[in-house]
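What follows is one structure encoded as structure tokens, with my remarks underneath.
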Amino acid sequence: MSKKKKKGKISKTLVEQILDKHKIEYQQFVFPTYQDGDVKQLNVDHIGIDDHVIYKTLALTGSQTGPLVGVIPVDEHLSYKKLAKLSGNKKVGMIPLKNLVATTGYEHGANTPIGIYETKGFPIYISEIAKEQGTIIVSSGKIGRSVQLKATDLADLVHGTFGDITE
């Protein structure tokens, strides 16, 4: 877990520092986590936030483009077919868990579109639902840490493309 600074102030993640550098408004969130096998998971059942505004960052690989990222609400399912079409691929598939850190730089549960774009430059595809909602919550690069920001600010920062990528 992150170290706390004076009087309960939470230290900033690299993603939060990137947002500060680009003068993008955000709010920090710390979610409780639990261990599920060999990976940590967010426990979002009891914190009073609608799952539909919390987004997961999925690392995939495309048959033509190589690595790419899909960002969708945690209560939705990614459509591989729709993402493949939007991204110019014949097909896309999840990056195997064993290759995740080597590919994205983040462990399962900590993938963040901001950090991945900043360090790897992979194309980012964001569910059009986010644009309609206005404000969303995405991971800030550490398990249990997230940021809430405007979906359009996220898309502008990561040169993201909004589209229909859910089933």
Side-chain angles (χ1 to χ4, degrees), residues 2 10-31 39-42 52-74 76-80 82-166:
S2 63
I10 303 167
S11 61
K12 293 191 177 191
T13 65
L14 175 60
V15 166
E16 293 162 347
Q17 293 171 25
I18 292 166
L19 292 171
D20 286 344
K21 179 178 136 187
H22 290 278
K23 297 180 178 21
I24 294 173
E25 288 185 32
Y26 66 92
Q27 181 181 348
Q28 293 177 318
F29 278 88
V30 178
F31 291 112
V39 294
K40 283 187 179 177
Q41 300 287 326
L42 286 182
H52 204 62
V53 299
I54 301 170
Y55 280 62
K56 56 187 169 185
T57 303
L58 303 172
L60 302 102
T61 187
S63 57
Q64 274 71 36
T65 62
L68 63 138
V69 173
V71 182
I72 64 171
V74 297
E76 296 277 342
H77 295 283
L78 179 69
S79 169
Y80 290 164
K82 290 178 181 178
L83 180 58
K85 184 176 180 181
L86 182 63
S87 64
N89 287 285
K90 289 189 183 196
K91 65 180 193 172
V92 297
M94 297 296 289
I95 292 174
L97 192 57
K98 67 181 181 180
N99 300 337
L100 191 61
V101 174
T103 305
T104 67
Y106 294 93
E107 63 183 310
H108 177 76
N111 276 300
T112 169
I114 299 164
I116 292 172
Y117 183 80
E118 184 80 11
T119 59
K120 305 292 184 175
F122 298 157
I124 311 289
Y125 297 91
I126 305 166
S127 173
E128 64 189 10
I129 298 166
K131 195 173 189 179
E132 295 163 9
Q133 287 176 315
T135 302
I136 63 171
I137 298 172
V138 297
S139 172
S140 64
K142 293 188 178 183
I143 295 173
R145 295 287 303 276
S146 296
V147 290
Q148 181 178 38
L149 73 165
K150 291 179 185 172
T152 52
D153 286 347
L154 171 63
D156 289 345
L157 179 64
V158 302
H159 299 95
T161 301
F162 287 108
D164 178 13
I165 59 173
T166 58

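Index from 1, following the sequence. Since the structure is predicted, the reported quantities are computational estimates derived from the model, not experimental observations.
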Kindly say whether [Y] contributes a backbone atom to a donor-acceptor pair with the side chain of [X] at under 3.5 angstrom?
X	Y	value
Tyr55	Ile126	no
Lys82	Thr166	yes
Thr13	Glu16	yes
Asn89	Thr65	yes
Ser87	Ala84	yes
Ser63	Lys91	yes
Lys142	Leu14	no
Glu118	Val15	no

Q) Pairs in or reaching into residues 123-156: which pass ring-ring contact (aromatic ring centres under 6.0 Å, His included), with residues at least two apart or in two chains? A) none
What heavy-atom pair brings [X] and [Y] nearest, and what distance separates the two atoms?
X	Y	result
Val69	Ile116	CG2-CG2, 3.9 Å
Gly163	Leu86	CA-CD2, 3.9 Å
Phe162	Ala155	CE1-CB, 3.5 Å
Gly70	Leu60	N-CD1, 3.8 Å

Q) Could you walk me through whether Arg145 and Val30 pass the side chain to side chain contact (heavy atoms under 4.5 Å, CB included) check? A) CA-CA 5 Å; Arg145 295 287 303 276; Val30 178; 3.7 Å; yes
Q. Can you find a pair of side-chain heavy atoms, one from Leu19 and one from Leu157, that are under 4.5 Å apart?
A. yes
Q: Check whether any side-chain heavy atom of Phe122 sits under 4.5 Å from a side-chain heavy atom of Leu68, and report yes or no.
A: no
(Q) If you apply the rule side chain to side chain contact (heavy atoms under 4.5 Å, CB included), what do you find for Val138 with Leu149, and how did you get there? (A) CA-CA 8 Å; Val138 297; Leu149 73 165; 3.9 Å; yes
(Q) Going by side chain to side chain donor-acceptor pair (under 3.5 Å), name the residues that satisfy it together with Ser79, two or more places apart in sequence or in a different chain. (A) none
Q: Apply side chain to side chain contact (heavy atoms under 4.5 Å, CB included) to Asp153 and His22, showing your working.
A: CA-CA 10 Å; Asp153 286 347; His22 290 278; over 6 Å; no
Q: Please step through side chain to side chain contact (heavy atoms under 4.5 Å, CB included) for the pair Gln28 and Lys12, ending with a clear verdict.
A: CA-CA 9 Å; Gln28 293 177 318; Lys12 293 191 177 191; 3.9 Å; yes
